[in-house]
Chemist: 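Sharing a structure here in structure tokens format.
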Amino acid sequence: MLKATIDTDTFRETIDVIAAMVTECRLTISEQGIRTRAVDTANVAMISLELDQEAFSSFLATAGELGIDITKMKNIVGMMGRGDVLSLDLPDDGHKMEMVFSGYKYSLTLLDVNTIRKEPSMPSIELPAKIKISGAALNDAIKAASVVSDKIALGVDPAANFFYMEAEGDSDHIRLELGKDELIDLVPAEARSLFSLDYLKDMGRVMGRADEVEVQIGIDHPVKFRFGIADDNGRVEFLLAPRIEAD
Amino acid sequence: MKRLCPECKGRGMCGLPRCPITSRFYESVRVKQSDAYMGASPSVFIGTKGYPRMQAGPLLVDDPDTPPLWVREGYSIEDIVGIRARTIRGAGETATHLDRIQEIALSATPLDVEVAFTRPVSFNLTFDGTLAPVGLHGDMKKVDVLENARTPRPVERAVADTDLKATDAVRTLYREGVDVYHITQLLTSGLLGVRRRTVPTRWGITAVDDILGAALKETAGRLPPLEEFRVFSATIYGNQITCILAPGAWHYEMIEIWEGGSLWGGDGDTVVVDGERRKKQGYSPIAGAYYSARLAVLDYLNAIGRSARAIIIRKVSSAYWAPLGTWVIREAARAAMQTDPQVCPTLHEAAAAASICLGSSEWEVSSNLMREIQSQKTLFDF
């Protein structure tokens, strides 16, 4: 059972974040709020999202799992006005969620959760280097790199105490170094991993709206991005597997 | 090639087994040039020049103008150039003849027409990367369609529905079994969509391939991934299409290799690469062939109910001495996907199998997707 009202902007932000990664997902609801965790088809990227009940203007729920067609949801969200209020209503054992906004009454058929991939477990990895950076700066760097290449290296030089991003194309090269003063925070440790910009571009677009993104990296290890949504009443974690090139 | 031709005059300096410029004359000898035509018209043609005031008209020839038939009947390139060399492209102001153009486009079979030209048709065989060649050209004075169009039921429905958007109409028609060649005819002659307009044939061909590809890509994206690697290969008219399917989310890459001495190949091999993930940005440098091959692969994936990453390698040898149009690639790719695939457990073996089909492994160097599959780790590797 779910009975909630939420600001449309917050809801749109949440759906956009999930849509950056998957086309459908299992949404777990509990008395505390909603959360989801999903990996893309290729098992390369993972999203983990939590939205506390404080992000809603009213929230009443019993534990359950919903199958959401994110592509369809994104189209619905596109019709919502700014600063409007959306109310969600799902009865006990219901298969249709009622969504009411700006006079529209939308009845959305949910997907059978058994047809959607199970929630993956979070791989336990140690990522020693931590950087805090503004989302806009991070997104800009990703966009800059995608001009010259299809992959980007993220790393930290502990000796010189800076965070760097580097992309190498067939003929061009781009490098950005950010010292501690230009970042919000830096925990230095030896780190360098290579990532596919295909995935990062989608992630960068949604991270660009966050004031602060925590980036965790290691040596040839996945990268973890953490940032808040819905005025910090929600948290998102992106995990992306690296590319390892044997030269 | 262009630079050599004036100097060579068909002596074979370009290295092609047969000069495409002179071969048109062999065919032209048999054509009686008259200022009237009475007979079948299988399809319509709308030119690109002068858009939006293009020249349009029926193609006039006693051939159904359906490439799959040419392949099935085992026509050689010479046969096809021969048919196309005696094909007359009637030309006239689009608006003047629109109703008759649409009548011909609607019909699933050729219609009998009577055309009067302002002067005897002139010979002007034009080759083009996207379109099938056409030999004769005549400015039309008058066109009469002597029969009624034989319109398949789904086509009738889509054409009658003026609230159905062109993209939806194209997708519905394809799902209902109307082939891409007929859909292209309908789209170009302005019979589909809400705000209908005529579209140059060259653009219409790729538009249909792209509209269908975009829709199939979305459905394929939701399917479970393929479990193993599969390698397909087939050759039509010197165009060898080899396809590697790898487990994973939809990702497409096409590598086009023009061998030295082939049509646009120059002295050494010329390689063009392009690819996409979920979205395609801009027009492919490989042009229409990219979209035609993509459609064939997506058809296959939807048929087996799996998503996959696909690498398509098109290798063009000197046997392809006249460009016949993108349908060659579409039919070659379809033929490849219909063969029994070689199933390989690893990417390495799949790549080796593809290299054996192609006779060399030079494509591997150009493939970005290959590099990505090799280097991209998954989260479960940690």
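Chain letters run A, B, ... following the sequence lines, proteins first, then strands; residues in each count from 1.
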Chemist: For residues A249(B) and A42(A), report the shortest heavy-atom separation together with the two atoms involved.
Modeler: N-CB, 4.1 Å
Chemist: Identify which part of P242(A) has an atom lying under 4.5 Å from any heavy atom of chain B, answering side chain, backbone, both or neither.
Modeler: both
Chemist: Count the heavy atoms of every other residue, nucleotide or ligand shown that sit under 6.0 Å from CZ of F380(B), and state whether that count exceeds 12.
Modeler: yes
Chemist: Does any non-hydrogen side-chain atom of T41(A) lie less than 4.5 Å from one of P225(B)?
Modeler: yes
Chemist: Quick one: what part of V22(A) sits under 4.5 Å from any heavy atom of chain B, side chain, backbone, both or neither?
Modeler: neither
Chemist: Using heavy-atom distances under 4.5 Å, tell me whether L194(A) contacts chain B through its side chain, its backbone, both, or neither.
Modeler: neither
Chemist: Counting only heavy atoms not in E349(B), do more than 12 fall under 6.0 Å of its CD?
Modeler: yes
Chemist: Give the member of D198(A), D40(A), T23(A), V39(A) that has the highest number of heavy-atom pairs under 4.5 Å with chain B.
Modeler: D198(A)
Chemist: Within a 6.0 Å radius of atom CG on D340(B), are there more than 12 heavy atoms belonging to other residues, nucleotides or ligands?
Modeler: no
Chemist: Does the pair R222(B)/D69(A) count as a salt bridge with the N-to-O cut at 4.0 Å?
Modeler: yes
Chemist: Return the NZ to CZ distance between K151(A) and R371(B), rounded to the nearest 0.5 Å.
Modeler: 6.0 Å
Chemist: Please flag which part of I125(A) lies under 4.5 Å from any non-hydrogen atom of chain B: side chain, backbone, both or neither.
Modeler: side chain
Chemist: Measuring heavy-atom distances to chain B, does S124(A) have an atom under 4.5 Å in its side chain, in its backbone, in both, or in neither?
Modeler: neither
Chemist: Could you walk me through whether R243(A) and E372(B) satisfy the side chain to side chain contact (heavy atoms under 4.5 Å, CB included) test, starting with their C-alpha distance in whole Å, then the side-chain angles of each, then the deciding distance to 0.1 Å, before giving a yes or no?
Modeler: CA-CA 8 Å; R243(A) 290 175 65 164; E372(B) 191 182 320; 3.6 Å; yes
Chemist: Please report the interatomic distance CE(M46(A)) to OG1(T378(B)), rounded to the nearest 0.5 Å.
Modeler: 10.0 Å
Chemist: Evaluate side chain to side chain contact (heavy atoms under 4.5 Å, CB included) for L379(B) paired with V44(A), printing each intermediate quantity in order.
Modeler: CA-CA 6 Å; L379(B) 288 170; V44(A) 171; 6.0 Å; no
Chemist: Just so I understand: if I count every heavy-atom pair under 4.5 Å between each of P222(A), P120(A), P123(A) and chain B, which residue has the most?
Modeler: P222(A)
Chemist: Please say whether more than 12 non-hydrogen atoms of neighbouring residues, nucleotides or ligands are located less than 6.0 Å from CG in D170(A).
Modeler: no
Chemist: Quick one: NZ on K377(B) to CG on N43(A), what's the gap to the nearest 0.5 Å?
Modeler: 13.5 Å
Chemist: What part of D220(A) gets closer than 4.5 Å to chain B, counting heavy atoms only: side chain, backbone, both or neither?
Modeler: backbone
